[in-house]
Amino acid sequence: MALRTTTASLAVLTLADARFPGGGHAHSGGLEEAVHRGAVSDPRQLREFLHGRLHGAGAQAAVFAAAAAHAAARRVHPHHWSRLDAEFDARTPSPAQRAASRAQGRGTFRAGRAAWPSEVLDELLTITGSPHHPVVVGVLLGAGASGTPVEAAFVTAYLSVSGPASAAVRLLGLDPFAANAAVAALEHEAEGVAEAAARSAGESPEDLPGTSAPALDLLAQEHQRHHREEVRLFAS
Amino acid sequence: MQAEHRDHVHGSDGHRHPVDFDPTAAGPDPFPPEGVGGRPLRIGIGGPVGSGKTALTAALCRTLGEELELAVVTNDIYTTEDADFLRQAGVLERERIEAVQTGACPHTAIRDDITANLDAVERLCERYSTLDLVLVESGGDNLTAVFSRGLADVQVFVVDVAGGDKVPRKGGPGVTTADLLVINKVDLAERVGADMEVMLADAHRMRGELPVLAQSLTDDPAASAAADWVRQQLAAHRSAVGPAAG
Amino acid sequence: MRSAASLTVELDGTGGSVVRGLRSAAPLTLVPRRRGTGAPGPAVVHLVGSATSPLGGDDLALRVRVEAGARLLLRGIAAALALPGHRPGGSRSSISIDVEEGGTVEYLPEPTVITARAEHRAELVVRLARSARACCRETLVLGRSGESPGGLVTSTSLEREGEPLLRHTFEPGGERLRASHGHLGGARVLANEVVAWGRDPELPRSEPDWALLPLAGGGSLTTVLAPDAVTARRRLAEARAVHPAVEELTPADGPW
């Protein structure tokens, strides 16, 4: 289970840092809507929300991050990026979630290119216009920062829960120690998700595993709908 | 059918401007040079809650809207009703206003992680390729909040007399480093017991050479002095890159 | 038990669709509905002892081909139960549907109930030609009343000219995962309906327990979470009512 086979690179730590200026702080990953519904209001409920989020949306993002890191390190044909992009879209039926992923991808691209520029990264942008977040993370690590697929998957899995946990602190005034502990409690599961994702990293885009999380899809859409009528503080 | 992501705003280098092939067209260069000069001037308007940022923004839009192509990014808690209100007030078309969701951290969105704001500016620039000016209004914040220089070329910090005449003396990066400090609602000074002389003296002492402007939008709804300052900034922005740009 | 059934539907000379090739393979029985020759309309085939009533050890495969311009309505008769079998290993059912130019398939099975200790894997692969249309429904009931479901993985793949429109894999997981609002939100029934009909909703529609989602590459997916199958069916109907192709879809509640 342990990920200790690699020493985390500075790039990994930087990408996972809440201070990384890639726009992630404005996304709650469905948590704001869950709070609005009364489904999450205390640390225990937050822990359960994060657990579900990690194994659904987080696992899928990790799969694509690992695959992108694998492909970036091998300098795949640029067409590969459009296939990966279309396959991620096909596994993300919610337009709100696709938009949130591309928004965070764009932000991570902008911030990441200043730190870890690469030709592959520019190719990704040329091909996809506005790349998905996990793919950008994978390319930043795989091409610019000599990171591994499992690292890309691990960062992405972590980001799938750390953002919502921080949002819970801001929305609920939750005890930040409890929120932080809720993330830390997922250590072994996040490692498991990352290792599973790394095992499929070399597969053809159409064969990459997907995991749907229908409750999260509904939260994402309702978040977007409600924002037209009342204030939502987060972009997703 | 695979077109969805073409509707998205593209990444910082990926956006395309419409190309006009009509040789007689007198439109701007569709491929402006890289860097500050090739894009609209971005002015940040920050300050504490209730100091009058939105009122100043609205006044600038009314005054400058005729002579300049402008747009607004707001970081305030914001619903479509607010946009409707601005539009109905005749200040700005709704399409020229982009609201940023700050994740309950308005100072983060204008300073530490400016991604969402840059995205909003890019969306406006794609919608209106000839923009002269983008006003970026911060959410109400405290005296320590400033705009990142990566987001705003110049910034205005707005305080008001009702917040107490000690505000300039307290300092903080907004008061001390903003390119323009506006002391707002001076018509209320007497009623709230604020000493304008003290406020102005403190402000100048804290800011050295940087300008301070006392105004009342009740007495001057056009915000004439602030508008003049904006015109100067725009002229400086344009001359910095030569007459062809902008 | 391994079985492989197949079905081909083509256009007859009068504009109606007819079943041309049909091979049932126990326990998969395909029953075409009789109708007068030359009558217009789709070919209607019922799946009896359907591909989704498997026992452990079963491996059921159905291949369907809808030829150019033909229309097939493939439906279930009764709810299916995924049950543990006498032999080790889970059950697997796979349905693969190819639709040629101008062809249409509607696959409207009844709900599948995942009983305790079932280990079921269901795959649906639909490949569409450029102008083909499809509507496929799936209703999963996680356990009979008061029962925890066994293991389940369902995947739906929809392609048009080789381009992916939807790759939807669902695994309810254990009790903790099912209860999480970040995954299944404690719902007992999950229902989906994917529609690729050429005309898609321009904007998503959503309510707290259902959403009609335009897909990136064309087509739409309705997702419903419900406490029971009757409610799920009602929500699917609500979503259909706002789909631009609603008039052309065969009503899911009959008459058959």
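What you see is a predicted model, and the numbers here were worked out from it, not measured in a lab.
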A:Gly142 versus A:Ala72, closest heavy-atom pair with distance: C-CB, 4.0 Å
Max heavy-atom pairs within cutoff under 4.5 Å with chain A, candidates C:Ala211, C:Ser155, C:Pro208, C:Ser220, goes to C:Pro208
Using a cut-off of under 4.5 Å for heavy-atom pairs, which of A:Pro214, A:Ala39, A:Pro209 has the most such pairs with chain C? A:Pro214
Pair C:Thr104-C:Arg133, side-chain donor/acceptor within less than 3.5 Å: yes
Looking only at heavy atoms, what is the nearest atom pair of C:Leu142 and C:Leu184, with distance? CD1-CD2, 3.5 Å
Under 4.5 Å from any heavy atom of chain C, what part of A:Gln45 do you find: side chain, backbone, both or neither? neither
Taking heavy atoms only and a threshold strictly under 4.5 Å, list by residue number the residues of residues 170-183 of chain C that touch chain A; give 'none' if the list is empty. C:Phe170, C:Arg176, C:Leu177, C:Ser180, C:His181, C:Gly182, C:His183
Ignoring hydrogens and angles, state whether a donor on the side chain of A:Thr211 or A:Gln60 is under 3.5 Å from an acceptor on the partner side chain. no
Checking side-chain polar atoms at under 3.5 Å, does A:Arg232 have a donor or acceptor matched by the opposite partner on A:Ser28? no
Given a strict heavy-atom distance threshold of 4.5 Å, which part of A:Arg37 is in contact with chain C: side chain, backbone, both, or neither? side chain
Mind ranking A:His55, A:Gln224, A:Glu87 by heavy-atom pairs under 4.5 Å with chain C and telling me who comes out on top? A:Glu87
Does the ring-ring contact (aromatic ring centres under 6.0 Å, His included) test come out yes or no for A:His227 and A:His223, once each step is laid out? CA-CA 6 Å; A:His227 183 61; A:His223 179 95; 7.1 Å; no
Please look at C:Glu207 and chain A and tell me whether the side chain, the backbone, both or neither of the residue comes under 4.5 angstrom of a heavy atom of that chain. both
Is there a donor in the side chain of C:His120 and an acceptor in the side chain of C:Ser91, or the other way round, less than 3.5 Å apart? yes
Go through the side-chain N and O atoms of A:Ser166 and A:Arg170 and say whether any donor and acceptor fall under 3.5 Å apart. yes
Taking only residues at least two apart or on different chains, which pairs with a member in residues 95-104 of chain C satisfy salt bridge (Lys or Arg N to Asp or Glu O under 4.0 Å)? C:Arg63-C:Asp98, C:Arg65-C:Glu100, C:Asp98-C:Arg127
Do C:Arg188 side-chain atoms and C:Asp228 backbone N/O form a donor-acceptor pair below 3.5 Å? no
Engaged part of C:Asp209 at the chain A interface, taking heavy atoms whose separation is under 4.5 Å: backbone
So, the part of C:Leu166 with a heavy atom under 4.5 Å from chain A: the answer is both
Can you check whether C:Ala116's main-chain N or O pairs, donor with acceptor, with C:Glu147's side chain at less than 3.5 Å? yes
If one checks every heavy atom of A:Arg225 against chain C at 4.5 Å, the contacting part turns out to be side chain
Interface check, chain C: of A:Gly30, A:Ser212, A:Ala213, most non-hydrogen pairs under 4.5 Å belong to A:Ser212
